[in-house]
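Since the structure comes first, as structure tokens, the remarks are kept for the end.
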Amino acid sequence: MSQLSFLQQIVIWALPLLFAITFHEYAHGWIADKLGDPTAKMLGRLTLNPIKHIDPIGTIVVPIALLFLSGFSFTFGWAKPVPITWQNLKNPRRDTALVAAAGPGANFLMAIFWAIILKIALILSPQTNMTALFMAYTGSIGILINLILMVLNLLPMPPLDGGRVASSLLPTKAARVLDRIEPYGFFILLGLIVTGVLKYILLPPVFFIRQIFTAVFGL
């Protein structure tokens, strides 16, 4: 994307990222509502309106900073967490895992959506069609961003979704030990970002899954 201006690159990254975090949080709230907790709906967060989900740091500052630091090759972000009252769930232990897994699941479905967009763009010939070129760029970035968010959130560390899933599946004593990490989870994640270690954790599985997408969709 080196031939694109700075503003064009921001737009191409921003659109898939905004969709990714919006659907991620909506999926949490939607599944929670189906399993007995209407908290997100009552507070107006069960919506696809991205404005309701934007977190100034996670949705704007961190993604732009990562784009600068990575030379527009790697970024991710997060939204304001959808409020969940876990005690309202019909089967709290099982349903907590389902609600948590809904976010990464939504990102996987979004990656499929963007793969379809990219496939359509390639059929339309992006070399001669400006609309197809835009679709190709956003489709390619959309796959990458959603796979990054999916893999990131599946890491078994509270408060990430993978941490909640792991806590729900582990024996009670082990789950309590894991849950004690939650107050420090953000700082651990921040440390992994600052040191650059997180990129090396995320990118190998992300690139592996992306290769599978490339083969399946013929990209």
Side-chain angles (χ1 to χ4, degrees), residues 16-43 45-48 50 52-53 55 58-59 76-116 142-183 185-186 188-189 192 198 201-210 212-213 216:
L17 179 62
L18 202 56
F19 273 115
I21 62 175
T22 297
F23 276 90
H24 180 104
E25 294 302 328
Y26 177 83
H28 285 315
W30 187 80
I31 293 295
D33 184 59
K34 297 301 179 185
L35 295 177
D37 176 38
T39 305
K41 180 185 288 186
M42 292 169 58
L43 295 177
R45 293 292 307 281
L46 192 57
T47 175
L48 291 174
K52 295 286 187 177
H53 301 292
D55 177 275
T59 313
F76 69 89
W78 61 86
K80 290 187 295 185
V82 164
I84 306 292
T85 305
W86 304 102
Q87 296 84 350
N88 288 342
L89 299 172
K90 297 172 185 176
N91 185 332
R93 191 169 173 83
R94 179 204 67 189
D95 295 348
T96 293
L98 294 175
V99 171
N107 289 129
F108 182 74
L109 293 177
M110 284 295 294
I112 293 175
F113 166 80
W114 287 113
I116 293 171
I143 295 170
L144 180 62
I145 285 177
N146 279 281
L147 292 182
I148 287 174
L149 288 178
M150 182 186 76
V151 173
L152 170 68
N153 279 283
L154 287 176
L155 295 178
M157 181 183 71
L160 296 176
D161 298 326
R164 297 197 184 280
V165 172
S167 180
S168 298
L169 297 177
L170 288 170
T172 303
K173 288 186 178 179
R176 287 174 181 168
V177 172
L178 181 63
D179 289 342
R180 293 194 190 110
I181 299 175
E182 183 160 354
F186 175 79
I188 294 172
L189 184 62
L192 293 174
L198 185 62
I201 296 174
L202 296 182
L203 293 187
V206 165
F207 288 155
F208 176 74
I209 301 171
R210 190 170 67 171
I212 295 175
F213 270 58
V216 169

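Atoms considered below: every heavy atom in the structure, side chains included; atoms not considered: hydrogens, waters and symmetry mates. It should be emphasised that the depicted structure is a prediction, and the values quoted were computed from it without experimental measurement.
- Using modelled atom types, no side-chain atom of D33 and backbone atom of G29 make a donor-acceptor pair closer than 3.5 Å.
- Taken from CE in M42 to CG in D37, the straight-line distance is 9.0 Å, to the nearest 0.5 Å.
- Heavy-atom minimum distance, E182 versus P159: OE2-CB, 3.7 Å.
- At a threshold of 4.5 Å between non-hydrogen side-chain atoms, the residues F113 and F19 do not count as touching.
- To the nearest 0.5 Å, atoms CE (M150) and CD1 (I145) are separated by 14.0 Å.
- Residues D161 and H28 meet the side-chain proximity criterion, which asks for heavy atoms closer than 4.5 Å.
- By the 6.0 Å contact criterion, NZ on K80 is enclosed, its count of non-hydrogen atoms from other residues, nucleotides or ligands being greater than 12.
- Residues R164 and V99 form no side-chain contact, since every pair of their non-hydrogen atoms from C-beta on lies 4.5 Å or further apart.
- Here the closest heavy-atom approach between residue S168 and residue A97 is recorded as OG-N, 3.5 Å.
- With a 4.5 Å cut-off on side-chain heavy atoms, L198 and L152 count as touching.
- Of all heavy-atom pairs between P104 and N153, the closest is CG-CB, 3.9 Å.
- Of all heavy-atom pairs between A101 and V165, the closest is N-CG2, 4.0 Å.
- Remark: the backbone N or O of G163 is not paired with any side-chain donor or acceptor of S167 at under 3.5 angstrom.
- Contacts of F108 classified as ring-ring contact (aromatic ring centres under 6.0 Å, His included), with partners at least two apart in sequence or in another chain: F213.
- Atoms CG and CD1, on L35 and I84 in that order, are 9.5 Å from each other to the nearest 0.5 Å.
- In this structure H53 satisfies the side chain to side chain donor-acceptor pair (under 3.5 Å) test together with R45, sequence neighbours excluded.
- Considering only residues two or more places apart in sequence or on other chains, R210 meets the side chain to side chain donor-acceptor pair (under 3.5 Å) condition with none of them.
- The main-chain N or O of H24 is never found under 3.5 Å from a side-chain atom of N107 such that the two would form a donor-acceptor pair.
- Looking only at side-chain heavy atoms (C-beta outward), L89 and L98 stay at 4.5 Å or farther from each other.
- Of all non-hydrogen atoms in P92 and W86, the two that sit nearest each other are CB-O, 4.1 Å.
- What you find for W30 and L46 is that their closest heavy atoms are N-CD1, 3.2 Å.
- Two residues are said to be in side-chain contact when any heavy atoms from C-beta on lie closer than 4.5 Å; L202 and L155 meet this criterion.
- Atom NZ of K41 sits about 12.5 Å away from atom OG1 of T47, to the nearest 0.5 Å.
- To the nearest 0.5 Å, the span separating NZ on K34 from NZ on K90 amounts to 9.5 Å.
- For the atom pair CZ of R94 and OG1 of T96, the computed distance is 10.0 Å after rounding to the nearest 0.5 Å.
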